[in-house]
Amino acid sequence: MLPEVRTWLRRRTTRTTDWPVRELAEAKGRTSVSVVLPARDERDTVGHIVGVILDELGGLVDEVVVIDSCSTDDTAAVAARAGAEVHAQDAILPELGPLDGKGEALWKSLAVTSGDIVAFVDADIRGFQSSLVSGLLGPLLTDRSVAYAKGCYDRPLDGAPNGGGRVTELVARPLINLHWPQLAGFVQPLAGEYAGRRSALERVPFLTRYGVELGLLVDLLDLAGLDAFAQVDLGSREHAPQSTEALGNMAAQIMLAAYSRLLRQGKLGRCHDLSSCLDQFRRCAGGHRVVSSDVSIAERPPMLTLR
Ligand SMILES: O=c1ccn([C@@H]2O[C@H](COP(=O)(O)OP(=O)(O)O)[C@@H](O)[C@H]2O)c(=O)[nH]1
Ligand SMILES: O=C(O)[C@@H](COP(=O)(O)O)O[C@H]1O[C@H](CO)[C@@H](O)[C@H](O)[C@H]1O
C-alpha cells in the first residue's frame, strides 16, 4: 500500500460512534442534506428505511427522496406511504431520453434534490439503522476539506458474518490496486452508502448501471484528490444478495467502467507491467488489518523459440 494511502487510512477513517447525531445537528448549521434511495423493486425494505431516517434523523436530514428505478412492483407507493418524495427515474429530464440502471437513478437524483450534501443509500438494506446515514454525514458536516465520504462495513452473506461484496473482492479491488492504488485504502469501494458535496457531485460524470460507484471514486479522485475523501466504518450491512449470474453482469459493467477511465487517463498503454501487489482487508479489533500479497506474474516464451 502506498505510504500516502496508509497515512490517509489512519487520518481519514472514522466510525459511526465518532459522530453522535446531537453533535452533528449542532454542526449542521445552514447546510442542507438530501438522502437519496435508488430503488428498483425494493417494496420489502424501502418503507422501513425511509421511516427510520425520517423518525430518527429529522434534525439532520432535510429531504428523503426515492428514485423509482423502473420498478415492476409497488416500490413507489410503499416509499410514498413511508413519507419519501418519490420520482420516477424516466420522468426526470425526459428530454434527454432514458438510460438504464442505478447510475442513471443517482445522476438524475441531483436534478430533483436541493441538499448541499447528498447521501446515497441502497434501498435493499435489511435491518437498516440510521447510523448508516448519520455516520456518513459526520466528516462532511464537520470538515469543509472533505468532499466525499464512503461507508465501509462487514458484508454478511448466507448467515456468515462476511463473504458478501463478491464483485468488490473479485473485480473492483484488484482493478483499483492495479490501476488506481491511491484508492486502495477504501475497504468497500463499491459500497452503496456514500455522501458528497453537491458542489463536487455536479462536476463529475455518472456512469450508468453498476459502473457508477467505481466511476465516482476515480473521477472524484481526479477532481478533488485523495485527502478530500473520508471513510466511515458503519459496522455491518446486510442486503438482498444477487445471484452469481447477476453479479457477472455487474462485474462486466464495472470492468467497462474501469476500461473507460483507463482509456481516458491514458493508462491502457502501461498495462504491460505484470508486477503488482494486492491489498485486502480483514476485520480486526478497532478496524481493519491490511493484508498485502504479491500478485505479480511473468511470461515464458513459446518453447519452440528455444529450439
Ligand atoms: O437498475 C437499478 C438497479 C439497482 N437499483 C438500486 O440500487 C441499489 C443497489 O442495487 P442492487 O441491490 O441491485 O446491487 P447490490 O447491492 O446487490 O450490489 C438498490 O437499492 C437497487 O434497488 C436501482 O435503483 N436501479
Ligand atoms: O460490493 C459488491 O461486490 C456488490 C455485490 O455484493 P454482494 O456480493 O451481493 O454482497 O455490491 C455492491 O456493488 C454495487 C456495484 O457497485 C453497488 O451498486 C451496490 O450498492 C453494492 O452493494
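Note that this is a predicted model, so its numbers are computed, not measured. As the structure lists them, so they are numbered: ligands from 1, and atoms in each ligand from 1.
- Not a single N or O atom of M250, backbone or side chain, sits closer than 3.5 Å to an N or O atom of ligand 2.
- Using a 4.0 Å cut-off to heavy atoms of G192, the atoms of ligand 2 that qualify are 20 (O).
- For atom 21 (C) of ligand 2, the nearest non-hydrogen atom of the protein is L190 O, 3.3 Å.
- Within ligand 2, counting atoms from 1 as listed, the ones closer than 4.0 Å to a heavy atom of T168 are 1 (O), 2 (C), 3 (O).
- Salt bridge D116/R198: absent, no basic N to carboxylate O contact under 4.0 Å.
- Contact between P139 and V232 at its shortest, heavy atoms only, is CG-CG2, 3.7 Å.
- Residue-to-ligand polar distances place A123 within reach of ligand 1: an N/O pair is separated by less than 3.5 Å.
- Inter-residue side-chain proximity for P156 and H239 is flagged as unmet; no heavy-atom pair is nearer than 4.5 Å.
- The atoms of ligand 2 that sit less than 4.0 Å from any heavy atom of K102 are 17 (C), 18 (O), 19 (C), 20 (O).
- In this structure, D122 is part of the shell of residues with a heavy atom less than 4.0 angstrom from ligand 2.
- At least one heavy atom of M250 lies less than 4.0 angstrom from ligand 1.
- Minimum heavy-atom separation, P189 to R173: CD-NH1, 4.1 Å.
- Nearest non-hydrogen protein atom to atom 4 (C) of ligand 1 is Y210 OH, 3.8 Å.
- Under a 4.0 Å heavy-atom criterion, A39 is in contact with ligand 1.
- Here R40 has heavy atoms under 4.0 Å from ligand 1 in both its backbone and its side chain.
- Protein heavy atom closest to atom 6 (C) of ligand 1, with residue, atom name and distance, is P38 O, 3.5 Å.
- Between I125 and H48 the shortest side-chain heavy-atom distance does not fall below 4.5 Å.
- Taking each heavy atom of R261 and W180 in turn, the nearest pair found is CB-CZ2, 3.7 Å.
- Both the backbone and the side chain of R166 come within contact range of ligand 2, each with a heavy atom under 4.0 Å.
- Nearest to atom 25 (N) of ligand 1 among the protein's heavy atoms is S69 OG, 2.8 Å.
- The N/O atoms of L247, backbone and side chain alike, include none that comes under 3.5 Å of an N/O atom in ligand 2.
- Using a non-hydrogen distance threshold of 4.0 Å, R237 registers as a contact of ligand 2.
- Given atom 11 (O) of ligand 2, the protein heavy atom at minimum distance is R155 NH2, 3.3 Å.
- E213 OE1, 2.8 Å is the protein heavy atom nearest to atom 16 (O) of ligand 2.
- Close N/O approach between Q188 and ligand 2 is not found [any backbone or side-chain N/O within under 3.5 Å].
- When side chains are defined from C-beta on, V133 does not count as touching E193, because their heavy atoms never get closer than 4.5 Å.
- No salt bridge links D44 with R126; every basic N to acidic carboxylate O contact stays at or beyond 4.0 Å.
- Nearest protein neighbour of atom 16 (O) of ligand 1, counting heavy atoms only, is H239 ND1, 2.9 Å.
- E26 and R22 are not joined by a salt bridge, as no carboxylate oxygen comes within less than 4.0 angstrom of a charged side-chain nitrogen.
- Of all protein heavy atoms, the one closest to atom 17 (O) of ligand 1 is Q242 NE2, 2.9 Å.
- Ring orientation note: the planes of Y194 and Y148 are tilted relative to one another, at an angle of 30° to 60°.
- By the 4.5 Å heavy-atom criterion applied to side chains, D227 and E4 are not counted as neighbours.
- Remark: minimum distance from atom 12 (O) of ligand 1 to any protein heavy atom is reached at D124 OD2, 2.9 Å.
- Nearest to atom 7 (O) of ligand 1 among the protein's heavy atoms is K102 CD, 3.4 Å.
- Protein heavy atom nearest atom 19 (C) of ligand 1, with residue, atom name and distance: E42 OE2, 3.5 Å.
- Cation-pi geometry between K150 and F186 is not met at under 6.0 angstrom from the ring centre and within 45 degrees of the axis.
- With salt bridges taken as basic N to acidic carboxylate O contacts below 4.0 Å, one links K28 and D62.
- The two residues V66 and V50 make their nearest non-hydrogen contact at CG2-CG2, 3.9 Å.
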